[in-house]
There are 2 protein chains.
Amino acid sequence: MNAFVQMKPLTTCERCSVHQRALCGAADPQLQAEFERLSHIRTFRAGETVVGETEEAGFVGNVVSGVLRAQKTMADGRQQIVGLLMPSDMFGRVFARTSQVGIEAATDATLCCIDRHAYEALLARHPELEHRMLLAVLDELDAARDWMLLLGCQSVPERIASFLLILCRRMRNRGCRHGSADGRFILGVPISRRDMAAYLGTTVETISRIVHEMARRRILRIIHPQTFEVLDHARLVDMAGREELDLSETLAGPPADRLYRLPGASRAAQPETGWRKLAG
Amino acid sequence: MNAFVQMKPLTTCERCSVHQRALCGAADPQLQAEFERLSHIRTFRAGETVVGETEEAGFVGNVVSGVLRAQKTMADGRQQIVGLLMPSDMFGRVFARTSQVGIEAATDATLCCIDRHAYEALLARHPELEHRMLLAVLDELDAARDWMLLLGCQSVPERIASFLLILCRRMRNRGCRHGSADGRFILGVPISRRDMAAYLGTTVETISRIVHEMARRRILRIIHPQTFEVLDHARLVDMAGREELDLSETLAGPPADRLYRLPGASRAAQPETGWRKLAG
DNA sequence: GCCGCACCTTGATTCAGGTCAAGGCGCGGC
DNA sequence: GCCGCGCCTTGACCTGAATCAAGGTGCGGC
C-alpha cells in the first residue's frame, strides 16, 4: 500500500494503541465509524471497580492501557481472579444481565467503553463482527480451561512458574522481544502479590517464599517485588511441568510445527513436587 | 397449534430426544434439513475416546444420551476434567485445529456428529446459528469461571457439596422434578469416584471419606456409590458455602428476584472449614 | 459357583501449604 | 525529616488433604 493513500488524517480510533489487536480494528470502514461514534474513553485508578460482580453493567469494552482483574467473590470474602485483562482484551458480558464476574482496575487503566445494548445491536447487524467475537470467546474458554488444569492439578511452585511463563509469552506476543535492550530478560509482573495469590489460588506468604526460593536457586533474580530477571528459562519450564508453556522455540526462532507428546501412562499420576525434582 | 398440522411424519431430527434443547433444534426448516443431511449418530462405550487431546478432531456434535468428560492431561498423567457434557451439550472445537481438550465417554453414549468444516460452513452461512452458538459458548465460559472459583477457593467438602447441588439443579432443569415419585430426592451421580476426583481437583479417598461423613451426619443417604438420597438440602447448601447454588426457591416455587449480598468485609477471608462450621 | 478385576472404603501417616505473628521496606503526605 | 500505611518478607506452627496400604464389594465371564 502506498504511503500517499494515507494522507487523510487518522480518526481517533485509528490512532488508538490497541486498534490493531482489538475486535474493532478488524471492522470495515462503516462499522469503524459506528464504533467511533458509540465508544468513549474512561479512566480508572488502581483499585477502582469497573463493573460490580452482581450489578448489571451498562457497558462493555476494551482495555486500552493498564490491567484489569476479572474476579469472583464468595459470600465470606474469599476471592478468585478468573482472568487478567491486558490492553486490547475485551471486558464485560454481552447478552446477559450479569455474568457474576466483577471487573476492577488492577493498575491505573484506560478503557474504551461502549453501551452494552448498542454493542449487541452492532453484533446483530454485523455478522462478521459477531464471528470475530465468537473466535475471541472460544479462545477465552480455552484459556479458562487451561487455568482449571492449573488450579486443579498443579502444585503452587508449578503454578507460579506457569504464571511467569505465560507472562513471558504475553510480553513476547505483544512484540516486546526482550524486556531489556541488553539481552537480559526482564519480566515485569503487572499485579501485586495479593492479586497473584488470588489468581493462582494460594496466599501471599506462599508466593513470597517460593519466589525467593527461585531466586536462591538462580532461576530468577528479584530486581523489585514486581520485577524479575529470568536467569534460567529452561528450569522455569521444568518447574512449570507443562511443556506447552515452553517458549524456547520462540526465543530461538520461528516455532516448528509442534509435536504433542502422548499423555503419561498412569491416569492418576502424582506430581513430582516442584522442589524435589529440581534438585538444588 | 392444531394437532392436525403435524400429520406430516416427523423427520429423524425431530424425533431426536435432545432436539428441543440443542442448537440444531432452533434452526429454521431449511437449516434443519441441512443438519439432517450432514449429521450422523455414533455410539461410544464407557471409557472410549471421542476426541484425543492432541489430535485434530474432524467433527463436532451434540450429546444425545450418556455423559462425556472433557479433560486435559499433563505430561506426567495428572488429569483435570474441565467439563461434564450431558445430553444436548455440544462438544468439539470449531475454528481451531485443536483446543487441547480431550473428550471421552464417561458412560455409554450416543452422539450426533457433524463434520467440523461442514459445521463451520453452516455457521458462516447462517448468522442466526452462529449467534446462538455465541450465546452457548458465553454460558460455557461463565460455567468455566465458576469452576475456577470452586477449584481456587473452596475446600474439598465445599466442592463436593457444590457439585452435588449443581447435579440437583441440572436434574431439575431437565425437567426431572424429583428423582423419585414419592417426594424423596434421589440423586444419581453419572460418573465414577475417579472422575469426580478429577473434576473436583481431589482424590477418590478424600471423596469417599467426605461422602460417608455426610451420610453419618444425615445430609444424604448412600443408596449405592453413585446414588444418593438428599436428606437435608439446607445443610447441603450451607456446606457448599455458595448461596447461588441454593435451589430452595425452585423447590418451593418460582424464584424471587434474588438479592445478592455484598462480599464480606475482609478481602482475604479464610473459609470456615466445611465440617467445623456445621457442628455435628 | 468361583475367579478376577475394577471400584470403593477405611485407617495410618505424611507433608504442602495455609495460618498466625512479627517485623522490614518504600513511599506519599505533611 | 518523620510518620503511617500498604505491601512484602520471614519464621513458627498447624492442619486439611494427599499418600500409602490394606481390605471390602459387586459384577461379568466362564
Side-chain angles (χ1 to χ4, degrees), chain A residues 45-47 76-80 106-108 151-160 189-198 200-216 222-228 239 241 266-278, chain B residues 45-47 76-79 106-108 150-160 189-198 200-216 222-228 239 241 266-278:
Chain A
R45 308 305 308 268
D76 61 7
R78 282 176 281 171
Q79 283 192 320
Q80 178 66 36
T107 65
D108 290 353
L151 293 173
C153 290
Q154 292 190 267
S155 68
V156 178
E158 287 173 328
R159 294 181 206 185
I160 292 174
V189 177
I191 54 172
S192 68
R193 290 279 184 276
R194 175 191 277 191
D195 283 345
M196 273 183 73
L200 298 174
T202 181
T203 61
V204 287
E205 294 95 327
T206 301
I207 289 176
S208 181
R209 276 183 250 279
I210 291 171
V211 165
H212 281 260
E213 180 63 22
M214 287 165 80
R216 201 187 64 69
I222 302 168
I223 296 169
H224 180 83
Q226 294 191 25
T227 315
F228 306 136
M239 201 179 144
S266 145
R267 189 144 182 283
Q270 37 273 8
E272 304 169 55
T273 306
W275 297 134
R276 195 166 296 166
K277 82 175 171 192
L278 275 69
Chain B
R45 307 306 308 270
D76 61 9
R78 280 176 281 171
Q79 283 192 320
T107 65
D108 291 353
L150 179 142
L151 292 172
C153 290
Q154 292 189 268
S155 69
V156 178
E158 287 172 328
R159 294 181 207 186
I160 291 174
V189 177
I191 54 171
S192 68
R193 290 279 185 276
R194 177 192 274 190
D195 284 346
M196 273 183 72
L200 298 174
T202 180
T203 60
V204 287
E205 294 96 326
T206 300
I207 289 177
S208 182
R209 274 184 251 278
I210 291 171
V211 166
H212 281 260
E213 180 64 21
M214 288 164 82
R216 199 186 68 67
I222 302 168
I223 296 170
H224 178 83
Q226 293 191 25
T227 315
F228 306 136
M239 201 180 145
S266 147
R267 189 142 183 286
Q270 37 272 10
E272 304 168 57
T273 306
W275 297 134
R276 195 166 297 167
K277 83 174 170 191
L278 274 69

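Residue numbers begin at 1 in each chain, while the letters A, B, ... track the order of the sequences.
- Using a 4.5 Å heavy-atom cutoff, the side chains of A:Met214 and A:Ile222 are not in contact.
- When the P atom of D:dG16 is taken as reference, atom CE of B:Met239 falls 14 Å away, rounded to whole Å.
- Residue-to-nucleotide contacts include no donor-acceptor pair under 3.5 Å from the side chain of A:Glu205 to the base of D:dC8.
- Between the A:Glu158 side chain and the A:Met239 main chain, no donor and acceptor come within less than 3.5 Å of each other.
- Distance check, rounded to the nearest 0.5 Å: OG of A:Ser155 to CD1 of A:Ile210 gives 7.0 Å.
- Taking atom CG on B:Asp108 and atom P on D:dG28, their separation rounds to 12 Å, with Å as the unit.
- C:dA16 atom C1' lies 13 Å from atom CD1 of A:Ile160, rounded to whole Å.
- Between A:Arg193 and the phosphate of D:dT9, there is a side-chain N or O to OP1/OP2 separation shorter than 4.0 Å.
- Look at CD on A:Gln154: it is 16 Å from P on C:dA16, rounded to the nearest Å.
- In secondary-structure terms, DNA chain C builds stems of at least 3 consecutive Watson-Crick or G-U pairs, each pair having both distances under 3.5 Å, at C:1-30 with D:1-30.
- With rounding to the nearest 0.5 Å, the separation of CE in B:Met196 from OG1 in B:Thr203 is 11.0 Å.
- The distance from atom CD of A:Gln79 to atom CG of A:Asp195, rounded to the nearest 0.5 Å, is 8.5 Å.
- At C:dG17, none of the side-chain N or O atoms of A:Thr206 fall inside 4.0 Å of OP1 or OP2 (strictly under the cut-off).
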Below 3.5 Å between N/O atoms, which protein atoms pair up with nucleotides 22-30 of chain C? Just atom names and distances, please.
none

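- Side-chain contact between B:Leu200 and B:Leu150 is present, with at least one heavy-atom pair separated by less than 4.5 Å.
- A close approach under 4.0 Å does occur between a side-chain nitrogen or oxygen of A:Gln226 and OP1 or OP2 of D:dC8.
- A distance of 15.0 Å separates CZ of B:Arg209 from CZ of B:Arg216, quoted to the nearest 0.5 Å.
- Nucleic acid contact class of B:Gly201 (heavy atoms, under 4.0 Å, all strands): sugar-phosphate only.
- The CZ-C1' distance, from A:Arg194 to C:dT19, rounds to 16 Å in whole Å.
- Between the side chain of A:Arg209 and the base of C:dT19 there is at least one donor-acceptor pair of N/O atoms closer than 3.5 Å.
- The CG atom of B:Leu200 sits 10 Å away from the P atom of D:dA18 (whole-angstrom rounding).
- Along DNA chain C, the nucleotide nearest B:Val204 and the nucleotide nearest A:Arg159 are compared for position; the residue whose nucleotide lies closer to the 5' end is B:Val204.
- The two atoms that bring B:Arg193 and B:Ile207 nearest to each other are CD-CG2, 3.6 Å, heavy atoms only.
- No donor-acceptor distance shorter than 3.5 angstrom exists from the side chain of A:Asp108 to the backbone of A:Arg45, with no hydrogens or angles considered.
- Distance CE (B:Met214) to P (C:dC8): 16 Å, rounded to an integer number of Å.
- One can place CD1 of A:Ile223 at 16 Å from P of D:dC8, the figure rounded to the nearest angstrom.
- A:Gln226 is listed as a side-chain neighbour of A:Ser192, based on a closest heavy-atom distance under 4.5 Å.
- The phosphate of D:dA18 (OP1 or OP2) has a side-chain N or O of B:Thr203 nearer than 4.0 angstrom.
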